[in-house]
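The figures that follow rest on heavy atoms only: side chains count, while hydrogens, waters and symmetry mates do not.
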Amino acid sequence: MTREERLRMLLHPERYTDKQLAEMLDEVDIHVPDIETEWQKHKDGRRKKEGERPTYHRERPVYYKVAAAIIGVLMLSGISYAAISHLTTREHTPDNAIPTEEVIMRKPVIKQARQDDKTITAIPPIIYNNMELQKIMQQLAKAYGVKVRFKNEAAKSLRFYLQWEADDTLGDIIEKINHFEKVHLTLSEETITIE
């Protein structure tokens with residue numbers, strides 16, 4: 001049986017009978033090596049001449065060196081990109097946002113304007129930038145006279161960006177925080193519960 005016939009039989013066995021397939025398999029000569037002789041060849045190849053020190057380092061092929069160089073260049077370019085993007089994003093923070101987490105309460109600058117014999121007072125917002133939820137909730141509890149209860153202990157250390165406007169009610173702030181998927185706040189009987 002020729003190689004082409006065997007190949008056709010392997011590709012389309014449904015076209016042949018079981019007897020024809022068995023004949024094809026019987027004709028295939030499979031070389032089974034003797035384990036003992038192969039093991040002996042392996043051991044002999046590993047033995048060194050008397051007095052020769054064994055070497056543990058083999059010279060790597062060139063493509064290993066090329067691959068290592070490419071990986072090194074990619075790592076350096078990734079680190080450079082991360083550093084550049086970090087520096088450029090720090091330069092573009094808003095003027096009223098303080099980059100550290102210690103934002104809490106600051107003295108508001110009151111701007112007054114006269115409009116139709118009425119004095120309008122504008123108080124700038126308080127901005128929490130990268131602040132832990134627990135610290136934000138302590139300030140809210142003081143300002144609105146409520147208690148805070150954490151059912152989800154992991155939520156205490158979550159960091160948020162929150163802008164607290166002077167005219168925001170407690171419900172407005174709870175709604176702002178509830179827009180985040182990781183926490184859910186509810187207000188009942190002067191207690192804010194965080195789940």
Side-chain angles (χ1 to χ4, degrees), residues 56-195:
Y56 298 105
H57 174 71
R58 287 188 276 154
E59 186 64 30
R60 298 282 185 212
V62 175
Y63 56 87
Y64 278 114
K65 293 177 183 177
V66 171
I70 291 172
I71 290 170
V73 168
L74 289 175
M75 286 180 59
L76 285 175
S77 63
I79 291 169
S80 300
Y81 176 75
I84 290 169
S85 69
H86 178 67
L87 291 174
T88 57
T89 55
R90 287 190 88 176
E91 292 174 0
H92 297 298
T93 55
D95 292 338
N96 59 351
I98 298 172
T100 63
E101 74 170 41
E102 299 304 322
V103 173
I104 311 290
M105 293 290 193
R106 57 193 158 121
K107 289 184 180 179
V109 178
I110 300 174
K111 298 177 184 176
Q112 294 184 349
R114 291 201 158 259
Q115 186 179 23
D116 298 356
D117 295 333
K118 293 181 184 177
T119 302
I120 301 171
T121 305
I123 301 173
I126 297 171
I127 297 174
Y128 298 105
N129 188 10
N130 196 24
M131 179 72 67
E132 289 183 350
L133 182 62
Q134 183 176 11
K135 291 180 181 179
I136 295 172
M137 296 312 296
Q138 288 171 352
Q139 295 298 319
L140 291 175
K142 278 185 196 175
Y144 290 104
V146 294
K147 295 179 182 176
V148 177
R149 186 176 68 142
F150 281 90
K151 279 188 175 178
N152 181 359
E153 291 297 317
K156 287 182 178 181
S157 61
L158 291 176
R159 295 184 170 274
F160 287 92
Y161 175 89
L162 181 69
Q163 186 168 335
W164 181 6
E165 302 289 338
D167 59 343
D168 280 348
T169 65
L170 183 59
D172 294 337
I173 296 172
I174 289 173
E175 186 177 324
K176 285 180 185 180
I177 296 174
N178 279 339
H179 281 290
F180 298 100
E181 295 176 2
K182 295 186 178 184
V183 293
H184 181 72
L185 280 68
T186 54
L187 175 66
S188 62
E189 300 176 11
E190 303 299 318
T191 301
I192 299 173
T193 306
I194 300 159
E195 300 176 29

Contact summary for [X] and [Y], nearest pair of heavy atoms:
X: Thr169; Y: Tyr144; answer: C-OH, 3.8 Å
X: Ser85; Y: Ala82; answer: OG-O, 3.1 Å
X: Gln163; Y: Pro125; answer: NE2-CG, 3.4 Å
X: Asn178; Y: Val183; answer: OD1-O, 4.1 Å

Say you draw a straight line from [atom1] of [X] to [atom2] of [Y]; how long is it, rounded to the nearest 0.5 Å?
X: Phe150; Y: Leu185; atom1: CZ; atom2: CG; result: 8.0 Å
X: Ile136; Y: Leu158; atom1: CD1; atom2: CG; result: 10.0 Å
X: Thr186; Y: Ile174; atom1: OG1; atom2: CD1; result: 7.5 Å
X: Ile194; Y: Leu133; atom1: CD1; atom2: CG; result: 5.0 Å
X: Ile84; Y: His86; atom1: CD1; atom2: NE2; result: 12.5 Å
X: Thr193; Y: His184; atom1: OG1; atom2: NE2; result: 9.5 Å

So do the side chains of Glu165 and Asp172 get within less than 4.5 Å of each other, counting heavy atoms only? no
In the structure I gave you, are the side-chain heavy atoms of Lys135 and Gln139 within less than 4.5 Å of one another anywhere? no
Taking the six-membered ring for Trp, are Phe160 and Phe180 parallel (under 30°), tilted (30 to 60°) or perpendicular (over 60°)? perpendicular
Could you check Lys142 against Gln138 for side chain to side chain contact (heavy atoms under 4.5 Å, CB included), going step by step and ending with a plain yes or no? CA-CA 6 Å; Lys142 278 185 196 175; Gln138 288 171 352; 5.7 Å; no
Holding to salt bridge (charged side-chain N to carboxylate O under 4.0 Å, His left out), I want the full list of residues that pass it with Asp168, two or more places apart in sequence or in another chain. Lys176
List for me each residue that meets side-chain contact (heavy atoms from CB on, under 4.5 Å) alongside Ile79, sequence neighbours excluded, and say none if there are none. none
